[in-house]
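Predicted model only: the values in this text are computed from it and were never measured.
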Amino acid sequence: MNAIFYATDRTDNSAPVLRYAYELSSKLGAQLIVFNTHEMEPIRVMVSRPPEQIEYHVLKEQREILANYCAKHLKGGLEGKNIKFEVVSNDSITEGIVENSKNLSADLVIIGRKDKHTERGLFVGDIGKSLVEKLSCPLMIVPNSGSNPIQKILYATDFMEADIAAIKKLMPMAKAMDAKVHIVHISTENEYAGKEQMEWFKDMLHQQVEGKNFDFKLIFSETIENELKNQVEQIGADLLVLLQREEKGFLNKLFHTSMVKKLEGHINIPLMSFNKYNL
C-alpha cells in the first residue's frame, strides 16, 4: 500500500480519526494524504484579480490551515511524517473525494463517521453509500472516537468468488498488522447447502490466498446487524470488512440507509468496504 487518503472536516472532534489514519499509514509504510473540500465564496465582479488567481491563493491558504490542523493534533507535529495536504474547491464532498482519490492513486480512502458534533457530516447515508459504489479503492469508515490498532479482522462473506478477490486485497494489510482474519457467513436456517458452500469457499481461499491465519464460521440468524454486533464482540474485532455487490445477498442490505444507521449505533469499530471497481 502506497497512499492512504483521509478526508477530514478539520473539526477537533474528528482529530482521533486523523490520528488513527496516520498510525495506520505508518504501520503500512504508506503516505497519508489529508484532504479537505473548500466551498469558495462567490467572487464579486468588481475585483482587480482574475478569479483563477483568487482561487489559487484561497486554496493555498486553506492548505496551510489544514497543515496547521494536522500539526496541532498529531503527536510531535509534522516533523518526519510522510504526509501530503490537498484542498480543492468542489460543491460536492462525494465527487471531490472520488475524483481526487483516483487522481492521487490512493489505495484506501478513510472518512470519519458522522456524530452529533459533526456539522457537515461526511458519513451520512447517501454520501457513505455513494462512496462505497463509486470509489476506485476500498473505503474505511472510522468512528470519530478513533479505534484500536488492527489485530482481529471480521470479514462477512456471501461465498462469492469476488469475496476471495477482496480477501486477497485485504491480506497485505492483515500481514503488515499481524492480524487474524475471521471469516463469517450469516445464513437463514433454510439456506441451501450452507455447509457445503463453506467447505468450497475454504478450499478456494486456501488455494488462491497465501497465509493460513484464517478462522471460518457459519451462523444461522434472521437479524444481520444484531448477529454482526455479536460476532464483533465475541471475536473482539478491530475492523469489520464488507463487499458491496449488485447480486442479491444479505450484505446488500447493509448499505441501505436505515441499516447503516443501525450498524453505526451498534458497531463501534471501523467498517471497510470493497466494491467491483477496486477488486
Open item on the list: Please evaluate residues Lys102 and Leu135 with respect to the criterion side chain to side chain contact (heavy atoms under 4.5 Å, CB included), reporting the C-alpha separation (whole Å), side-chain torsions for both, the decisive distance (0.1 Å), and the verdict.
Closed with: CA-CA 8 Å; Lys102 184 176 182 179; Leu135 282 173; over 6 Å; no

- [ ] Return the minimal non-hydrogen interatomic distance between Thr37 and Gly96, and the atom names on each side.
- [x] CG2-CA, 4.4 Å

Open item on the list: Is there a path of hydrophobic side-chain contacts, each under 4.5 Å between heavy atoms, that joins Ile65 and Phe85?
Closed with: no

Open item on the list: Would you say that Gln31 contacts Lys81 through its side chain, given a criterion of any heavy-atom pair below 4.5 Å between the two side chains?
Closed with: no

Open item on the list: Minimum heavy-atom separation for Met177 and Ile150, please, with both atom names.
Closed with: CB-O, 3.4 Å

TODO: Would you tell me whether Ser101 and Tyr6 have side-chain atoms, one donor and one acceptor, within less than 3.5 Å of each other?
DONE: no

TODO: Would you confirm whether Arg113, through its side chain, and Ile269, through its main-chain N or O, come within 3.5 Å as a donor-acceptor pair?
DONE: yes

- [ ] Check whether any side-chain heavy atom of His73 lies under 4.5 Å from a side-chain heavy atom of Asp12, and answer yes or no.
- [x] yes

Open item on the list: Please identify which of these residues, Ile97, Asn278, Ile33, meets the side-chain contact (heavy atoms from CB on, under 4.5 Å) condition with Val109.
Closed with: Ile97

- [ ] Rounded to the nearest 0.5 Å, what's the gap from CG on Leu240 to CG on Leu228? Could you check?
- [x] 5.5 Å

Task: Nearest-0.5 Å distance that lies between atom NE2 in His185 and atom OG in Ser221 - done: 11.0 Å

Task: Nearest-0.5 Å distance, CZ of residue Arg10 to CG of residue Leu66 - done: 6.0 Å

- [ ] Write down the atom of Ala106, the atom of Cys137, and the distance for their closest heavy-atom approach.
- [x] O-CB, 3.4 Å

TODO: Please assess Lys27 against Tyr22 for the test side chain to side chain contact (heavy atoms under 4.5 Å, CB included), listing each intermediate value before the final yes or no.
DONE: CA-CA 9 Å; Lys27 285 278 188 180; Tyr22 174 70; over 6 Å; no

- [ ] Decide yes or no for Leu59 and Val88: does some side-chain heavy atom of the first lie under 4.5 Å from some side-chain heavy atom of the second?
- [x] no

TODO: Name the orientation class of the two ring planes belonging to Phe216 and His206 (parallel below 30°, tilted from 30 to 60°, perpendicular beyond 60°).
DONE: perpendicular

- [ ] Say whether, by atom type as modelled, one donor and one acceptor occur between the side chain of Asn275 and the main chain of Tyr277 under 3.5 angstrom.
- [x] yes

Task: Heavy-atom side-chain contact between Tyr155 and Leu242 under 4.5 Å - done: no

- [ ] Mind listing the closest non-hydrogen atom pair of Ala3 and Ser105 along with its distance?
- [x] CB-O, 4.1 Å

Open item on the list: A side-chain contact here means heavy atoms from C-beta on lying under 4.5 Å apart; do Pro138 and Met272 qualify?
Closed with: yes

Task: Note, Phe214 side chain near Val209 side chain (heavy atom, < 4.5 Å) - done: yes

Task: Heavy-atom pair of closest approach, residues Pro270 and Ser147 - done: CD-OG, 3.1 Å

- [ ] Any chance you could measure Leu18, atom CG, to Ile83, atom CD1, to the nearest 0.5 Å?
- [x] 7.0 Å

TODO: To the nearest 0.5 Å, tell me how far Asn268 CG sits from Glu233 CD.
DONE: 10.5 Å

Task: Leu154 side, atom CG; Ile235 side, atom CD1 - distance, nearest 0.5 Å - done: 4.5 Å

Open item on the list: Less than 3.5 Å apart, any donor N or O on the side chain of Asn100 or Asn103 sitting next to an acceptor on the other?
Closed with: no

Open item on the list: Evaluate Tyr20 against Ser25 for side-chain hydrogen bond (donor to acceptor under 3.5 Å, both in side chains), listing each step before the verdict.
Closed with: CA-CA 9 Å; Tyr20 180 90; Ser25 68; over 6 Å; no

TODO: Mind running side chain to side chain contact (heavy atoms under 4.5 Å, CB included) on Gln231 and Lys217 for me, showing each step along the way?
DONE: CA-CA 10 Å; Gln231 290 305 307; Lys217 188 180 290 186; 3.2 Å; yes

Task: Any donor-acceptor pair under 3.5 Å from Asn148 side chain to Asp238 backbone - done: no

Task: Under 3.5 Å donor-acceptor, Asp107 side chain and Met1 backbone - done: no

TODO: For atom CD of Glu99, decide whether the heavy atoms of other residues, nucleotides or ligands shown that lie under 6.0 angstrom number more than 12.
DONE: yes

- [ ] Look at Lys84 together with Glu86 and state whether they make a salt bridge at an N to O cut-off of under 4.0 Å.
- [x] yes

- [ ] Compute whether any side-chain donor of one residue and acceptor of the other, for His38 and Asn90, lie under 3.5 angstrom apart.
- [x] no

TODO: Report the C-alpha distance between Leu78 and Cys70 in whole Å, list the side-chain angles of each, state the deciding distance to 0.1 Å, and finish with yes or no for side chain to side chain contact (heavy atoms under 4.5 Å, CB included).
DONE: CA-CA 7 Å; Leu78 300 179; Cys70 292; 3.9 Å; yes

TODO: Check the surroundings of atom CG in Asn82: do more than 12 heavy atoms from other residues, nucleotides or ligands lie under 6.0 Å from it?
DONE: yes

- [ ] Report yes if some heavy atom in the side chain of Thr94 is under 4.5 Å from a heavy atom in the side chain of Leu131; otherwise report no.
- [x] yes

Task: Qualifying residue for side-chain contact (heavy atoms from CB on, under 4.5 Å) with Leu279, from Leu243, Asp163, Ile164 - done: Leu243

- [ ] Would you mind telling me which of Val17, Leu139, Asp9, Val142 makes a side-chain contact (heavy atoms from CB on, under 4.5 Å) with Ile111?
- [x] Leu139

Task: Side chains of Thr157 and Phe201 in contact at under 4.5 Å (non-hydrogen atoms) - done: yes

